[in-house]
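Below is one structure, written out as structure tokens; the observations come after it.
Just so it is clear, the values below take in all heavy atoms, side chains as well, and ignore hydrogens, waters and symmetry mates.
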Amino acid sequence: MRLHVAQQARRFGPGQGKAPWGWGCSWWGWGSLEAPSAILFTWTGGEKGPGSEPVVADLCLLKRPALNTFDTLGLSAPLLKSITEMGFETPTDIQAQAIPLLLEGSRDFIGLAQTGTGKTAAFGLPLLDHLDPEWDHVQALVLAPTRELGQQIAEQLEKFAKHKKGIRTVAVYGGANIATQIGQLKSPRHVVIATPGRLIDLVKRKAVKLDRIRHLVLDEADEMLNMGFKEELDTILSFTPEDKCTWLFSATMPREIRRMVGQYMTDSLEVKVNQSATVNQNIDHQFALVRHSDKSEAIARFLDLDPDLYGVVFCRTRRDTQALAEDLLKRGYRADALHGEMSQAQRDRVMLRFKQKQLQVLVATDVAARGIDVDNLTHVFHHSLPGEAAYYTHRSGRTARAGKKGISLALMGVKERGHLNRLSRTLDIEFTQAMVPNPEEIVHARLSTWGKGVLDLPVGRGIPDEIWEQMSLLFGELSKEELLRQVVLTELRKLDTGTKADLNQSAHGKPKRDWGDQDGQGKRPFRKKPFKKPYKSKGHHGGGTSTPQWEDSKPGKPMGAGKANKKHKKKGGFKPGGEAPWQGKSSGRPGFGVKGKKNRY
């Protein structure tokens, strides 16, 4: 392993571009390097010129240290106390490898890790240790692509800084009252969490100054570029000092981010954590073949089958999001929509209801769902498959957090199998087919859950004596079996299982049908051709063969031909200076045919 690393580093050594340096490799004393869990690259800007090559100063393989608790990462005592109160014990891969490096605070940093791995704590904890409460200016800036993600980061930083006295943070984002945010910025703030658009507005109004910040954090940098914030990021970075430390966290590393790294970052450390498996291994990836018109009912059936289901449905467009949420509400499910056309107050209200589990399912777009940090999500539904693999990673990463299990279910048509196979190859995951439950399955599952709930109720408690006597007189004449049948029938009538028996499509695109048992075989029943009446002539009476009626008419002319070929005279259109078409010897009606109004009464 050591010789292999040296050979890789030597490829960029002297003789390629005439760089005035020699190659070298720095080794970290973290045990054996036989199975590295991350790769650390150290980049330095070389002299650019004709024939020059990129300059790589160090190439290091990092073996994850045996860090079982946060106590060994070098964090301060107030932060450790907050982490313990929040229930965190073992750091994730990105936290264990990023926090010790970021605590040094002297170099730029690039962290690549999948969604749901704890990147907020990876940069938030060392960032708080770098702040000085005695300074009354903005010391750190955190940029997030969406309002929800900005709010999530602000909430986490406030919890982490609970026992660090004097640390003040503020979150500014679009959709909220800018006057209120300007008032908040008038008091000293050490950390500003912002979305790019609102931050530029505040800088232009001179409500916030960024010329003295020491740390800049770009969270979900790939998503910011996908949302078109490239120019805004360039503008914001021009407001910041050159000697700051820039920390960039992302799930992927597209070309535009590489450009930003080369332009705005120097001597940066890059850590890739578990990039060979870009999707959480605790997620069960499934797909169901249904028609587009049946997707709403299919989701409703999954909700009926599992009353404890708690998840998010992702749609591509705002129209699909709103339509699906309204349809689920009409069916009686606890659902609501979350998309960009909603005001900030509406989005906050919906997210609060969802976090408090007043909503069973949240229907959202990809952009609006960024930053949804809700624990214990059991399912993620894909109403439409995303166009890029990165979006599928972000979607499915909403579930199976903190070591728990989750299901990512894609509702798709037969023609989308090719796209699903491409996602499977790109992300190196395996999709298994799930069947949309039939009404019979839903009835059995719901009645079983209802029956267990009845048995779990305390016996003979909570019923007033008067009501008990009244019900005893009312049902006293019924036997146990008769009473049980009536109770089950009452619960059965409450279940609405839809109209179609089976929503699943076969691999050939046709919906599956249950024809039942026909003559002991599972074949489609025989269907006779529709009854066809024999021809009977109108002009023939009595026996013998009949002849067509047009034989008695004029030769060569079938019946009705004269009427069909009759030419109707068209009345001329109105010409300026001439006689109007409705004037003259006509019946008084206009020549262009106006329908008369019928008397409705």
Side-chain angles (χ1 to χ4, degrees), residues 148 286-343 345-370 372 374 376-386 395-396 398-399 406-413 434-443 445-446 449-450 491-505 511:
E148 286 74 22
Q286 303 176 1
F287 71 94
L289 297 178
V290 295
R291 295 181 181 274
H292 184 79
S293 57
D294 294 335
K295 289 184 178 181
S296 178
E297 186 173 349
I299 295 175
R301 291 191 179 185
F302 281 109
L303 293 174
D304 286 336
L305 185 65
D306 186 5
D308 296 330
L309 190 151
Y310 182 46
V312 180
V313 182
F314 284 95
C315 299
R316 281 187 178 179
T317 63
R318 301 172 184 174
R319 180 179 299 179
D320 291 343
T321 302
Q322 191 66 35
L324 179 59
E326 291 177 356
D327 185 71
L328 293 176
L329 281 173
K330 290 179 182 179
R331 294 171 181 263
Y333 300 98
R334 295 178 289 115
D336 210 338
L338 185 71
H339 52 77
E341 291 184 353
M342 301 170 61
S343 65
Q346 292 174 330
R347 293 156 70 107
D348 293 341
R349 191 181 309 114
V350 170
M351 283 304 305
L352 180 61
R353 294 177 61 201
F354 186 58
K355 290 181 178 181
Q356 295 177 350
K357 290 192 176 183
Q358 297 178 11
L359 299 177
Q360 184 181 8
V361 62
L362 180 67
V363 187
T365 57
D366 290 289
V367 176
R370 279 285 180 163
I372 292 181
V374 181
N376 304 324
L377 288 183
T378 61
H379 287 70
V380 168
F381 291 95
H382 306 269
H383 186 267
S384 300
L385 282 174
R395 285 182 176 187
S396 59
R398 301 300 105 191
T399 185
I407 296 176
S408 174
L409 177 60
L411 302 176
M412 48 175 282
M435 306 302 293
V436 180
N438 291 327
E440 293 80 6
E441 299 176 15
I442 297 174
V443 169
R446 292 296 296 272
T449 304
W450 168 79
E491 184 67 21
L492 188 61
R493 289 176 177 176
K494 298 178 182 179
L495 301 179
D496 182 14
T497 57
T499 57
K500 298 183 179 179
D502 194 354
L503 302 182
N504 297 285
Q505 280 188 298

Pairwise side-chain contact, T378 with D308, heavy-atom cut-off 4.5 Å (strictly under): no
Heavy-atom donor-acceptor pair, R334 side chain to K357 backbone, under 3.5 Å: yes
Minimum heavy-atom distance between K355 and Y310, given as atom pair plus value: CA-OH, 3.9 Å
Closest approach of M351 to L362 (non-hydrogen atoms, all atoms of both residues): SD-CD2, 4.0 Å
With S408, the side chain to side chain donor-acceptor pair (under 3.5 Å) member among H382, Q286, R395: H382
N/O donor-acceptor pair under 3.5 Å between R316 side chain and L385 backbone: yes
Distance in Å, I299 CD1 paired with L409 CG, rounded so as to fall on 0.5 Å steps: 8.5 Å
Pairwise side-chain contact, F381 with L309, heavy-atom cut-off 4.5 Å (strictly under): yes
CG on L411 to CZ on F314, rounded to 0.5 Å: 13.5 Å
Full working for side chain to side chain contact (heavy atoms under 4.5 Å, CB included) between R331 and L303: CA-CA 11 Å; R331 294 171 181 263; L303 293 174; over 6 Å; no
Heavy-atom closest contact (G413 atom, Q505 atom, distance): CA-OE1, 4.1 Å
Chi angles and distances behind the side chain to side chain contact (heavy atoms under 4.5 Å, CB included) call for V312, F354: CA-CA 10 Å; V312 180; F354 186 58; 4.0 Å; yes
Partners meeting side chain to side chain contact (heavy atoms under 4.5 Å, CB included) with R353 (sequence neighbours left out): D336, Q358, L359
Approximate separation, where rounding is to 0.5 Å, of E326 CD and S296 OG: 11.0 Å
Audit row: L492, V443, side chain to side chain contact (heavy atoms under 4.5 Å, CB included) steps and yes/no: CA-CA 7 Å; L492 188 61; V443 169; 3.4 Å; yes
Donor-acceptor contact present, side-chain T365 to main-chain H339, <3.5 Å: no
R398 side chain reached by V374 side chain, heavy atoms, under 4.5 Å: no
Beyond-backbone contact of V363 with H383, side-chain heavy atoms, under 4.5 angstrom: no
Steps toward side chain to side chain contact (heavy atoms under 4.5 Å, CB included) verdict (L338, R347): CA-CA 6 Å; L338 185 71; R347 293 156 70 107; 3.8 Å; yes
Flag side-chain contact, heavy atom, 4.5 Å: D294 against V436: no
F302 to P437 - nearest heavy-atom pair and separation: CE2-CD, 3.8 Å
Test item: P307 and R446 side chains (from C-beta on) under 4.5 Å apart, heavy atoms: yes
Salt bridge present between E297 and R301 (N-O < 4.0 angstrom): yes
Donor-acceptor under 3.5 Å (D502 side chain, N504 main chain): yes
For L377 against G311, the heavy-atom pair lying closest together: CD2-CA, 4.0 Å
